**Q** 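Handing you a structure now.
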Number of protein chains: 2
Amino acid sequence: MLETASSLFYRHGVRSVGVDLVVLEAGVAKTSLYRHFRTKDDLIAAFLEREDADFWGGWDRVAARHTDDPMAELEAHLDWIGERVARPNYRGCPQLNVAAEFPQTDHPARKVAAAHKREFRRRLRGIAERLGASRPDELAGQLSLLINGAFVSAQVLGPGEATPLLKATARALIAASKTA
Amino acid sequence: MLETASSLFYRHGVRSVGVDLVVLEAGVAKTSLYRHFRTKDDLIAAFLEREDADFWGGWDRVAARHTDDPMAELEAHLDWIGERVARPNYRGCPQLNVAAEFPQTDHPARKVAAAHKREFRRRLRGIAERLGASRPDELAGQLSLLINGAFVSAQVLGPGEATPLLKATARALIAASKTA
DNA sequence: CACGACACAAACAGGTCTGTATCGATCAGG
DNA sequence: CCTGATCGATACAGACCTGTTTGTGTCGTG
């Protein structure tokens, strides 16, 4: 059920998918949905938590293959992210999409999204430290801007452009982070 | 009327603002609104066109002060953008927000947003060429990712962090664009 | 077998949405 | 002063939304 809702929410946007469509597509009764999720807002938050877990699952799988080489790890992450962004049905980062759909920062889903982006920057800072950047938090911020930019720029990027652009940019930023 | 609609749309999101609220706030009749805009979708497209014109108005005003120094022009743009992003009521780039709210790429407002982002990259390429980058289109793509990333990362950036982060990143990218 | 927890189905309540229709007021030009 | 165009106000149509209620079935466990 949550999987069906997640797929619908991601493809068509959270606000344009009603609970009636979710229960129809999932083949469950509306009472069942409301037993597991108190409100639709809770369902949206659960959707983002699921996406969050999926994202870090993929991240950790990549990171585990490069425990001793932070540069290789970062490039592997950018490969993976660039490939995902270039997919034909890519519709942007779900966390950013939901944040754009709900301006209220106290919405339960917004809290999930904010935590996700904080964690994202935290992990980038870890890599920046291991890379020996002189100001790791600055490098993490730069990489965070870069990758979030890629998430929202899929439409304007040419096919296959994302990955090389991400990697070239990251290399330039890392080189600069050591000289200063 | 369009100004009222634009303010409401930007602050609360397009989908959560109904035409009834627009006409109430604008002090006009709904018949008048529908005389000037055939549908709400047309009103949304007009909202983005207005934002587009405003954005390039500000851009051109900045550019006019630095016609002979592309580096100074870019830094001035980043100053202006960073300041805007750091404002307390900043709610992201309206073009990106609407794109996130409407997955259908054939929505009239999506066409305005796509054209805006193409124009954005086109102008950045002009600056990259004048800067003497060896691959100006690549540098423009990098700067485009960077700035769009800043647009969506306002929530996660610390106060006053945006501008120095943007400028430091741009300098690193420009330095790298000349050596390669 | 019996019971309780959970499932589906379907109707409903109360509200909101876009877009239209109707009516009266105002105002400018001939 | 008359006519026509534009405006505001209001009610309405028809659809959609979230969430609840009611009733019926079904399954696993004691």
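Keep in mind that what you see is a predicted model, and the values were worked out from it rather than measured. Note on naming: letters A, B, ... go to the chains in the order of the sequence lines (proteins, then strands), and numbering restarts at 1 for each one.
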**Q** For R11(B) and S7(B), test the side chains for any donor-to-acceptor distance below 3.5 angstrom and give the result as yes or no.
**A** yes

**Q** At what angle, to 10 degrees, do the two end axes of the helix from dC1(C)-dG30(D) to dG30(C)-dC1(D) meet, given five pairs define each axis?
**A** 0°

**Q** Would you check if the side chain of S144(A) reaches a backbone N or O of R121(A) as a donor-acceptor pair within less than 3.5 Å?
**A** no

**Q** Atom CD of Q155(A) and atom OH of Y90(A): how far apart are they, to the nearest 0.5 Å?
**A** 10.5 Å

**Q** Between E73(B) and R65(B) (salt bridge meaning N to carboxylate O under 4.0 Å), is one present in this structure?
**A** no

**Q** Just the rounded figure in Å: distance from C1' of dG19(D) to CG of D41(A).
**A** 12 Å

**Q** Do any N or O atoms from the side chain of R91(A) and from the backbone of Y10(A) form a donor-acceptor pair under 3.5 angstrom?
**A** yes

**Q** To the nearest Å, give me how far apart CG (L21(A)) and P (dG19(D)) are.
**A** 16 Å

**Q** With a 4.0 Å cut-off, would you call K111(A) and D106(A) a salt bridge?
**A** no

**Q** Distance to the ring centre below 6.0 angstrom and angle to the axis at most 45 degrees; does that hold for R15(B) and F102(B)?
**A** yes

**Q** Taking CZ from R38(B) and P from dT18(C), how many angstroms apart are they, rounded to a whole number?
**A** 15 Å

**Q** List, with names and distances, any nitrogen or oxygen atoms from the protein found under 3.5 Å away from nitrogen or oxygen atoms belonging to nucleotides 14-18 of chain D.
**A**
from, atom 1, to, atom 2, distance (Å)
dT18(D), OP1, K40(A), NZ, 2.8
dT18(D), OP2, V19(A), N, 2.8

**Q** Set out, line by line, the N/O atom pairs under 3.5 Å between protein and nucleotides 5-7 of chain D.
**A**
from, atom 1, to, atom 2, distance (Å)
dC7(D), OP2, R35(B), NE, 2.9

**Q** Report yes or no: does E25(A) contribute a side-chain atom to a donor-acceptor pair with the main-chain N or O of A5(A) at less than 3.5 Å?
**A** no

**Q** Could R123(B) and W56(B) be counted as a cation-pi pair, given that NZ or CZ must be under 6.0 Å from the ring centre and within 45° of the axis?
**A** yes

**Q** Just the rounded figure in Å: distance from C1' of dT18(C) to CG of L43(B).
**A** 12 Å

**Q** Determine, for R130(B) against D69(B), whether the closest basic-nitrogen to carboxylate-oxygen distance falls under 4.0 angstrom.
**A** no

